Protein chains: 2
Amino acid sequence: MTKTKRDSYHHGDLRSALISAAEEIIAAEGVEGFTLRKAARKAGVSPGAPTHHFGSMAGLLTQVARRSYEALAKQLAGAAEGLEGNAALRALTAVYVRFARDNTGRFRLMGRTDLIELEDDDLRAAVYRAMRPLAAAAAGTRGLGVPTPEFERLDPRLIAAIAPAHGLAHLATEGRLAATMRSGEVDAQAQDALVDEVLRALWP
Amino acid sequence: MTKTKRDSYHHGDLRSALISAAEEIIAAEGVEGFTLRKAARKAGVSPGAPTHHFGSMAGLLTQVARRSYEALAKQLAGAAEGLEGNAALRALTAVYVRFARDNTGRFRLMGRTDLIELEDDDLRAAVYRAMRPLAAAAAGTRGLGVPTPEFERLDPRLIAAIAPAHGLAHLATEGRLAATMRSGEVDAQAQDALVDEVLRALWP
DNA sequence: CTTTTTGTCTAGACACTGTTTAGATTGCGT
DNA sequence: ACGCAATCTAAACAGTGTCTAGACAAAAAG
């Protein structure tokens, strides 16, 4: 409950306070529980204030999505360290799926193209940086050149690497991977084992 | 514009009229353009009427999702006719991706677990029936038994078959597959060719 | 053929939502 | 110290999903 109080009329750092508030709400209640007014209340500010900093709700959520892609990029960056070929692809995919499972709210937001501004340059750059390790692994595995944004859009081998990760991640967030324990919680260990099996079937 | 007029106080078949209205709205404006009141207006009925038939908006959308899964099931049913092994998996995945591309609104709805009632029995049955051909192909390819619902939840080989299809379909609806033509339209032919390449890389 | 009962639908309200407008308040550069 | 620009508020607007009464009509019961 980071209800940012404030003494002065001006907030001081409302922009990042709103982003933090949004992230907390999304982590706690999911994207469907998020509301622009709720974020404003959490930052201790009037309902109209966010508009001035982000233009619209999509502007704020775009920043949250950007930061989420940066978090994903950080987790993916070191995951293939010292690994090559299919082993690298397996490790990266496993991290991708774990990220989706452990950050369901953020991951769902990243897929909500109706809530964020897909054409935002910073967001696109973050997406590119996040996908970079996967592209490098795909290129390394199958003997391709240095990945560029254009390459990533079109090369079938990279898409073949991304698609299973994306699909598994979605299945994970929908609770369709592995057995769920009572109370709706997921058995993370069993899920990891299942994902590992799937990955060995796809990339032996 | 199926603005169902009516002469009598009672509608006669409001339930299916609302489902049709919802489907038309989703096809034309996407899930994000859908509104329960809009569907009610289209059926020529007051805003509170739908609640009586479906309990809530999620109830109506669950029916739309169910019918969408049935449509998908119908398209998948005959796609692997006469094919075996990886060829069957490739054909089924291609159909899955085409369905997502040609029915973006419905496909997006199927993934919106916050808008539909996932635990609805009819919906679950429809999902199961839709996934059946993929399960059969995966079982046939790799020597497994007859697929059952429990099997489909847990077997890594089936998940390995579903995940790429799911991932590719999501990438397709987000416009990240193949080059998009000006005006935002997708070059379907080029996309099919790309998907074919991807599938041959995954399942040679 | 009436009467009752049951299922449909309407009207209006409620508590929300995101966004807009005009105005109040403050910090900063000169 | 003053004016300007940035920042935030207050109030309103159109729209949402859902709830509670009650109006209406078709089917069942007498």
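Labels below follow one simple rule: chain letters A, B, ... track the order of the sequence lines, proteins then strands, and each chain is numbered from 1. What you see is a predicted model; the values in this text were computed from it and never measured.
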Give the rounded distance in Å between these two atoms: [atom1] of [X] and [atom2] of [N].
X        : N       : atom1 : atom2 : answer
Asp13(A) : dT7(D)  : CG    : C1'   : 13 Å
Leu36(B) : dT18(D) : CG    : P     : 6 Å
Leu18(B) : dG17(D) : CG    : P     : 12 Å

Query raised in the report: So with a 6.0 Å cut-off around CZ of Arg112(A), is the heavy-atom count from everything else above 12?
Result: yes
Looking only at heavy atoms, what is the nearest atom pair of [X] and [Y], with distance?
X        : Y         : value
Val64(B) : Ala22(B)  : CG2-CB, 3.8 Å
Arg90(A) : Trp203(A) : NH1-O, 2.7 Å
Leu76(A) : Ala130(A) : CD1-O, 3.3 Å

**Report entry** Pairs satisfying salt bridge (charged side-chain N to carboxylate O under 4.0 Å, His left out), at least one member in residues 101-111 of chain A, at least two apart
**Finding:**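 Non-adjacent pairs meeting salt bridge (charged side-chain N to carboxylate O under 4.0 Å, His left out): Arg101(A)-Asp192(A).
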Gap separating the [atom1] atom of [X] from the [atom2] atom of [Y], nearest 0.5 angstrom:
X         : Y         : atom1 : atom2 : value
Asn103(B) : Leu109(B) : CG    : CG    : 11.5 Å
Leu60(A)  : Arg15(A)  : CG    : CZ    : 9.0 Å
Leu115(A) : Met57(A)  : CG    : CE    : 5.5 Å

Query raised in the report: Does the base of dG17(D) carry an N or O that pairs as donor and acceptor with the side chain of Arg37(B) under 3.5 Å?
Result: yes
Requested in this report: Remember a base hit wins even if backbone is also touched, and classify Pro50(B) as base, sugar-phosphate or nothing at under 4.0 Å, heavy atoms.
Outcome: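 Answer is nothing: Pro50(B) stays at 4.0 Å or more from every strand.
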Report task. May I ask you to say what Thr51(A) touches in the nucleic acid, namely base, sugar-phosphate or nothing, with a heavy-atom cut-off under 4.0 Å? Result -> base
Requested in this report: Look at the side-chain N and O atoms of Arg41(A) and state whether any lies under 4.0 Å from the OP1 or OP2 oxygen of dT17(C).
Outcome: yes
Requested in this report: Take the C1' atoms of the five end pairs on each side of the helix from dT8(C)-dA23(D) to dT30(C)-dA1(D), get both axes, and report the angle to 10 degrees.
Outcome: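 Helix axis angle between the two ends: 10°.
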Query raised in the report: Want to settle it: does Leu14(B) or Gly48(A) sit nearer the 5' end of DNA chain C, counting the closest nucleotide to each?
Result: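 Its nearest nucleotide lies further toward 5', so the answer is Leu14(B).
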Requested in this report: Flag the pair Lys74(B) and Glu70(B) as a salt bridge only when some basic side-chain nitrogen lies within less than 4.0 angstrom of an acidic carboxylate oxygen.
Outcome: no
Query raised in the report: Does anything in residues 52-64 of chain B reach DNA chain C, meaning a heavy atom under 4.0 Å, and if so which residues?
Result: His52(B), His53(B)
